[in-house]
Q: 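For reference, the structure I am asking about is given below.
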Amino acid sequence: MHTSLPDFDMPTEEQVHLAAESFRLLADPTRIKVLWALLQGESSVACLAELAGAAPTAVSQHLAKLRLAGLVKGRREGTFVYYSAADNHVRGLLAQALHHADHVDRDLPTGDHAHHPRSS
(Lines give C-alpha, C1' and ligand atoms only; values in the text may rest on other atoms or scores of the structure.)
Protein backbone atom coordinates (compact mmCIF):
# COMPACT_ATOMS: atom_id res chain seq x y z
CA MET A 1 0.00 0.00 0.00
CA HIS A 2 2.70 2.54 0.96
CA THR A 3 4.77 1.72 -2.09
CA SER A 4 1.93 3.00 -4.28
CA LEU A 5 2.47 6.51 -2.89
CA PRO A 6 4.37 8.62 -5.45
CA ASP A 7 7.08 9.96 -3.13
CA PHE A 8 7.35 6.97 -0.80
CA ASP A 9 10.93 6.35 0.30
CA MET A 10 12.48 4.11 2.96
CA PRO A 11 16.04 4.38 4.31
CA THR A 12 18.48 1.52 3.75
CA GLU A 13 19.17 -0.98 6.54
CA GLU A 14 22.62 0.54 7.05
CA GLN A 15 21.15 4.06 7.38
CA VAL A 16 18.60 2.82 9.92
CA HIS A 17 21.25 1.05 12.02
CA LEU A 18 23.64 4.04 11.94
CA ALA A 19 20.84 6.43 12.92
CA ALA A 20 19.80 4.13 15.77
CA GLU A 21 23.40 4.00 16.99
CA SER A 22 23.58 7.81 16.95
CA PHE A 23 20.36 8.03 18.98
CA ARG A 24 21.70 5.42 21.39
CA LEU A 25 24.88 7.44 21.94
CA LEU A 26 22.89 10.64 22.46
CA ALA A 27 20.47 9.02 24.91
CA ASP A 28 22.39 10.37 27.90
CA PRO A 29 21.90 13.81 29.51
CA THR A 30 25.63 14.33 30.13
CA ARG A 31 26.50 13.54 26.52
CA ILE A 32 23.84 15.95 25.28
CA LYS A 33 25.25 18.72 27.50
CA VAL A 34 28.83 17.97 26.45
CA LEU A 35 28.01 17.84 22.77
CA TRP A 36 25.90 21.00 22.92
CA ALA A 37 28.79 22.81 24.67
CA LEU A 38 31.21 21.58 22.00
CA LEU A 39 28.94 22.89 19.27
CA GLN A 40 29.57 26.34 20.78
CA GLY A 41 33.34 25.90 20.51
CA GLU A 42 36.41 23.95 21.56
CA SER A 43 36.76 22.99 25.22
CA SER A 44 38.79 21.00 27.72
CA VAL A 45 37.56 18.07 29.83
CA ALA A 46 37.67 20.20 33.00
CA CYS A 47 35.52 22.94 31.46
CA LEU A 48 33.08 20.41 29.98
CA ALA A 49 32.80 18.65 33.34
CA GLU A 50 31.89 21.94 35.01
CA LEU A 51 29.33 22.79 32.31
CA ALA A 52 27.76 19.33 32.44
CA GLY A 53 27.83 19.08 36.24
CA ALA A 54 29.72 15.80 36.05
CA ALA A 55 33.05 14.40 37.20
CA PRO A 56 35.95 14.88 34.75
CA THR A 57 36.53 11.11 34.63
CA ALA A 58 32.92 10.53 33.58
CA VAL A 59 33.14 13.27 30.95
CA SER A 60 36.36 11.70 29.61
CA GLN A 61 34.56 8.36 29.20
CA HIS A 62 31.65 10.04 27.40
CA LEU A 63 34.07 11.92 25.12
CA ALA A 64 35.86 8.67 24.24
CA LYS A 65 32.56 7.11 23.10
CA LEU A 66 31.54 10.23 21.19
CA ARG A 67 34.98 10.32 19.53
CA LEU A 68 34.74 6.67 18.49
CA ALA A 69 31.35 7.45 16.94
CA GLY A 70 32.90 10.30 14.97
CA LEU A 71 30.82 12.97 16.74
CA VAL A 72 33.76 14.59 18.58
CA LYS A 73 37.40 15.18 17.73
CA GLY A 74 40.35 15.99 19.94
CA ARG A 75 43.36 18.27 19.48
CA ARG A 76 46.41 17.82 21.69
CA GLU A 77 48.30 20.88 22.88
CA GLY A 78 51.13 19.91 25.21
CA THR A 79 49.60 17.84 28.00
CA PHE A 80 46.06 19.09 27.33
CA VAL A 81 43.49 17.79 24.87
CA TYR A 82 40.90 20.20 23.54
CA TYR A 83 37.70 18.74 22.15
CA SER A 84 35.33 20.02 19.50
CA ALA A 85 32.28 18.75 17.67
CA ALA A 86 33.31 16.83 14.57
CA ASP A 87 30.70 18.61 12.45
CA ASN A 88 27.49 20.61 12.68
CA HIS A 89 25.12 17.85 11.51
CA VAL A 90 24.24 16.93 15.07
CA ARG A 91 23.37 20.55 15.95
CA GLY A 92 20.05 20.30 14.10
CA LEU A 93 19.25 16.98 15.73
CA LEU A 94 19.98 18.25 19.25
CA ALA A 95 18.22 21.57 18.62
CA GLN A 96 15.09 19.74 17.44
CA ALA A 97 15.18 17.35 20.40
CA LEU A 98 15.59 20.20 22.89
CA HIS A 99 12.88 22.27 21.19
CA HIS A 100 10.53 19.30 21.25
CA ALA A 101 11.30 18.61 24.92
CA ASP A 102 10.61 22.25 25.77
CA HIS A 103 7.22 22.09 24.06
CA VAL A 104 6.28 18.78 25.66
CA ASP A 105 7.38 20.10 29.07
CA ARG A 106 5.12 23.15 28.69
CA ASP A 107 2.29 21.25 26.92
CA LEU A 108 2.64 23.36 23.76
CA PRO A 109 2.02 22.22 20.19
CA THR A 110 5.18 20.64 18.77
CA GLY A 111 4.71 21.62 15.12
CA ASP A 112 7.28 23.81 13.35
CA HIS A 113 4.79 26.68 13.13
CA ALA A 114 4.31 26.81 16.89
CA HIS A 115 7.48 28.42 18.21
CA HIS A 116 6.94 30.20 21.50
CA PRO A 117 9.98 31.52 23.35
CA ARG A 118 10.15 30.49 26.99
CA SER A 119 9.08 33.33 29.25
CA SER A 120 11.04 33.93 32.42
Q: Who are the side-chain contact (heavy atoms from CB on, under 4.5 Å) partners of Gln15, not counting sequence neighbours?
A: Pro11, Thr12
Q: Check Gln40 against Trp36 and note the closest heavy-atom contact, atom names and distance.
A: NE2-O, 3.0 Å
Q: Could you state whether Leu66 and Leu18 fall into the same hydrophobic cluster, counting links through intermediate Ile, Leu, Val, Met, Phe, Trp or Tyr residues with side-chain heavy atoms under 4.5 angstrom apart?
A: no
Q: Output side-chain donor-acceptor pairs under 3.5 Å for residues 45-64, partner residues at least two apart or in another chain, one line each.
A:
unit_1	atom_1	unit_2	atom_2	d
Ser60	OG	Pro56	O	3.2
His62	ND1	Arg31	NE	2.8

Q: Pairs of donor and acceptor atoms involving the side chains of residues 69-84, under 3.5 Å and at least two apart or interchain, shall be tabulated with distances.
A:
unit_1	atom_1	unit_2	atom_2	d
Arg75	NE	Glu42	OE2	2.9
Arg75	NH1	Glu77	OE1	2.7
Arg75	NH2	Glu42	OE1	2.7
Arg75	NH2	Glu42	OE2	3.4

Q: Could you note down all residue pairs passing salt bridge (Lys or Arg N to Asp or Glu O under 4.0 Å) where residues 82-101 supplies at least one of them, sequence neighbours left out?
A: none
Q: Apply the hydrophobic cluster definition, ILVMFWY joined by side-chain contacts under 4.5 Å directly or through others, and give me every member besides Leu68.
A: none
Q: Say you draw a straight line from NE2 of His103 to NE2 of His100; how long is it, rounded to the nearest 0.5 Å?
A: 10.0 Å
Q: Rounded to the nearest 0.5 Å, what separation is found between the CG atom of Leu94 and the NZ atom of Lys33?
A: 13.5 Å
Q: For the atom pair CG (Leu39) and NE2 (His89), what is the distance rounded to the nearest 0.5 Å?
A: 12.0 Å
Q: Could you list who else is in Val16's hydrophobic cluster, with ILVMFWY side chains joined at under 4.5 Å, directly or through other members?
A: none
Q: As an exercise, state the distance from CG of Leu93 to CG of Leu98, rounded to the nearest 0.5 Å.
A: 9.5 Å
